[in-house]
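For reference, the structure is listed below as structure tokens.
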Amino acid sequence: MVTCSAPGKVYLFGEHAVVYGEPAIACAINLRISTSAKLVSSGKIKIDAMGKRLNCMSEEFKYVCCAAQTIKRLFNTDFGAEISIKSQLPPRQGLGSSAAVTVSTIKALAECLGIDLKNEAVAKIGHQVETAVQGIASPADTFVSSTGGVVLIEQTKTRHLSSLNIPILIGATGIERSTSDVIASVTRLKQTYPTLITNVLSSIGDITRLGTQKLANEDFVGLGELMNINQGLLESIGVSDEALSRLVYASRTAGAFGAKITGAGRGGCMLAITPDENVKKVSQAIAKHDAKVLNTAFSDSGLQTE
Ligand code: PMV
């Protein structure tokens, strides 16, 4: 039996704008998915997620099965496997659970087969898997989950930035949504108001560029301010919603440096970066609005064999 684990992620800046070529910053967090695999002679793939046998309609099943098929195709081999998944990440809420399950499955199966895959190679195969399952996928999620840390995504290039030691509180609304539907709504808005929306997206790009300087200087106040401006622009393109905006305002009032949605929005999660002394107050403010609070931090630890 081989067990590999991989982290989830948040977007500090730049979601949606990144779809149109602007830069974004995504960060691995210390909430992980761990996948155990062993080869079996039946030739079948059996998956158990947190004690639940998965059927082929469940989301995780698609990623895990496609990961197994992709390994078979790329390495010209055939095998059956029993795969078991344990997750600290709520699924389909913008915290990168599909990327984490995909890369941890690829790595665990490769190790079972005696294939040595470096994390960046796993990220590339993981991106193929996400693209096959979703139709469209940015390489950011599988890269961040495989390599960990804080990552600047610029067009097709990715670069690590220095990490930060600061509490991150995530408010999970529990509302699942389709990333591609939210992206499509921004595309429609951009077609209706091309100049206006292009300017908004390019301002989000400017925020990300300024954010890289604030990160380098460990300027938490500046980072928080930029997150709040980023949130205002995300509101203007209609990807925040009442539940998320309430959590964002509650966090700021309770003493966060800054707060915004993370990922596609319209459901899913928001994040707040918070001084140590305000963690309790901000957590309580998020919980008061019926969201699940995840107390986390940036993590340099990417995909690893346990
Ligand atoms: O909510 P998520 O984790 O699927 O993130 C979506 C982020 C977008 O910028 C909207 C899309 C993308 O692929 O970058």
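Values in this document were obtained by computation on a predicted structure and should not be read as measured data. Both ligands and their constituent atoms are indexed starting at 1 by order of listing.
More than 12 heavy-atom neighbours from other residues, nucleotides or ligands sit within 6.0 angstrom of CZ on Phe75. No more than 12 heavy-atom neighbours from other residues, nucleotides or ligands sit within 6.0 angstrom of NZ on Lys124. Glu242 CD: 12 or fewer foreign heavy atoms inside a 6.0 Å radius. More than 12 non-hydrogen atoms from other residues, nucleotides or ligands lie less than 6.0 angstrom from CD of Glu176.
Closest approach of Asn119 and Ser146 over heavy atoms only: ND2-O, 3.1 Å.
In this structure, the side chains of Leu89 and Val101 stay at 4.5 Å or more apart for every pair of heavy atoms.
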Report all N/O contacts between ligand 1 and the protein shorter than 3.5 Å as a table of atom names and distances to 0.1 Å; if there are none, say 'none'.
| residue | atom | partner | partner atom | Å |
| --- | --- | --- | --- | --- |
| ligand 1 | 1 (O) | Arg177 | NH2 | 2.6 |
| ligand 1 | 1 (O) | Ala264 | N | 2.8 |
| ligand 1 | 3 (O) | Lys9 | NZ | 2.8 |
| ligand 1 | 4 (O) | Thr179 | OG1 | 2.7 |
| ligand 1 | 9 (O) | His16 | N | 2.9 |
| ligand 1 | 14 (O) | Tyr11 | OH | 3.3 |

